[in-house]
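Count residues from 1 along the sequence.
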Amino acid sequence: QVQLVESGGGLVQAGGSLRLSCTFSGRSFSVYAMAWFRQAPGKEREFVAVISSSGDKTYYADSVKGRFTISRDNAKNTVYLQMSSLRPEDTAVYYCAADLVPPRVLPRRSPKEYDYWGQGTQVTVSS
């Protein structure tokens with residue numbers, strides 16, 4: 001069974017940076033597309049970014065484009081989200097998700113399309 005464990009969340013001032021990590025176990029990491037979603041209080045879970053299994057394709061939500069970077073290290077079974085120029089509206093619980101799909105069907109932006117989820121890590125951006 002696939003297990004995902006996020007880390008790296010915390011409290012940061014507006015304009016600051018954080019790097020989230022998500023460690024994958026239980027299957028072959030290198031065949032899964034990996035994504036980050038986030039959910040703020042009272043709001044639906046929303047797509048942030050996705051990276052193809054080989055790492056050569058990345059897609060972002062418009063709200064984070066140019067500020068966030070998704071990457072992966074298949075040797076370490078880990079996907080990252082580097083977040084810069086953080087804003088108070090980026091405050092949310094951030095989740096990583098895995099989906100066994102080929103690159104041609106990306107991006108997949110709906111949470112319903114992902115098979116496996118981590119427990120989430122809180123990111124709070126103060127103004």
Side-chain angles (χ1 to χ4, degrees):
Q1 184 72 351
V2 170
Q3 290 188 324
L4 304 174
V5 179
E6 301 98 334
S7 62
L11 174 64
V12 63
Q13 288 189 333
S17 299
L18 278 176
R19 189 177 81 155
L20 305 183
S21 300
C22 173
T23 301
F24 177 108
S25 64
R27 291 285 191 274
S28 178
F29 177 66
S30 63
V31 300
Y32 282 81
M34 298 297 298
W36 287 95
F37 286 77
R38 66 186 181 186
Q39 188 166 18
K43 295 188 176 182
E44 294 185 351
R45 193 168 297 189
E46 66 171 358
F47 169 80
V48 174
V50 62
I51 187 167
S52 62
S53 55
S54 63
D56 62 338
K57 297 183 185 299
T58 58
Y59 302 88
Y60 297 91
D62 288 344
S63 59
V64 307
K65 201 172 294 183
R67 300 188 298 123
F68 290 11
T69 301
I70 188 170
S71 63
R72 65 190 295 159
D73 186 336
N74 283 357
K76 295 183 177 180
N77 288 1
T78 302
V79 61
Y80 304 98
L81 186 68
Q82 177 67 48
M83 305 185 294
S84 303
S85 302
L86 282 161
R87 305 167 180 168
E89 53 264 39
D90 294 318
T91 295
V93 177
Y94 283 71
Y95 298 90
C96 68
D99 195 12
L100 186 60
V101 292
R104 68 177 181 274
V105 306
L106 296 180
R108 297 190 119 184
R109 301 176 185 269
S110 170
K112 297 178 181 179
E113 296 176 304
Y114 288 81
D115 298 319
Y116 303 102
W117 292 86
Q119 82 290 349
T121 186
Q122 176 70 47
V123 171
T124 303
V125 184
S126 63
S127 57

ILVMFWY network linking [X] to [Y], side-chain heavy atoms under 4.5 angstrom:
{"X": "W117", "Y": "V79", "answer": "no"}
{"X": "Y80", "Y": "V123", "answer": "no"}
{"X": "V50", "Y": "V93", "answer": "yes"}
{"X": "L81", "Y": "V64", "answer": "yes"}
{"X": "Y95", "Y": "V125", "answer": "no"}

Return the minimal non-hydrogen interatomic distance between [X] and [Y], and the atom names on each side.
{"X": "D56", "Y": "S54", "value": "OD1-OG, 2.7 Å"}
{"X": "E113", "Y": "R109", "value": "OE1-N, 3.6 Å"}
{"X": "T121", "Y": "G9", "value": "OG1-N, 3.2 Å"}
{"X": "A40", "Y": "A92", "value": "N-CB, 3.8 Å"}

Give a yes or no on whether the backbone of [Y] and the side-chain of [X] come within a donor-acceptor separation of less than 3.5 Å.
{"X": "E6", "Y": "L20", "answer": "no"}
{"X": "N74", "Y": "S53", "answer": "yes"}
{"X": "R67", "Y": "S85", "answer": "yes"}
{"X": "T58", "Y": "I51", "answer": "no"}
{"X": "Y60", "Y": "I70", "answer": "yes"}

What's the separation between atom [atom1] in [X] and atom [atom2] in [Y], rounded to the nearest 0.5 Å?
{"X": "S52", "Y": "R104", "atom1": "OG", "atom2": "CZ", "value": "13.0 Å"}
{"X": "L4", "Y": "T23", "atom1": "CG", "atom2": "OG1", "value": "9.0 Å"}
{"X": "R38", "Y": "R45", "atom1": "CZ", "atom2": "CZ", "value": "13.0 Å"}
{"X": "L11", "Y": "Q122", "atom1": "CG", "atom2": "CD", "value": "9.5 Å"}
{"X": "S71", "Y": "M34", "atom1": "OG", "atom2": "CE", "value": "11.5 Å"}

Worked check of side-chain contact (heavy atoms from CB on, under 4.5 Å) between D90 and M83: CA-CA 10 Å; D90 294 318; M83 305 185 294; over 6 Å; no

Under the side-chain contact (heavy atoms from CB on, under 4.5 Å) rule, collect the residues that match up with V5, sequence neighbours excluded. Q119

Just to verify, what does Q3 make a side-chain contact (heavy atoms from CB on, under 4.5 Å) with, not counting sequence neighbours? S25

If you define the side chain from C-beta out and look only at heavy atoms, does anything of S21 sit under 4.5 Å from K76? no

Contact check, side chains of Q1 and Y116, non-hydrogen atoms, under 4.5 Å: yes

Check step by step if side-chain contact (heavy atoms from CB on, under 4.5 Å) holds for V2 and D115. CA-CA 9 Å; V2 170; D115 298 319; over 6 Å; no

Looking at Y32, is R27 sitting on its ring face, NZ or CZ under 6.0 Å from the six-membered ring centre and within 45 degrees of the normal? no

Using the six-membered ring of F29, assess whether NZ or CZ of R72 lies under 6.0 Å from its centre and within 45 degrees of the ring axis. yes

For the residue pair F68 and Y94, does the interplanar ring angle fall in the parallel (under 30°), tilted (30 to 60°) or perpendicular (over 60°) class? tilted

Any ion pair linking D62 and K65 (charged N to carboxylate O, less than 4.0 Å)? yes

Let's go through W36 and C22 carefully: what are the C-alpha distance in whole Å and the side-chain angles of both, what is the deciding distance for side-chain contact (heavy atoms from CB on, under 4.5 Å) to 0.1 Å, and is it a yes or a no? CA-CA 9 Å; W36 287 95; C22 173; 3.7 Å; yes

Below 6.0 angstrom between ring centroids: does that apply to F37 and Y114? yes

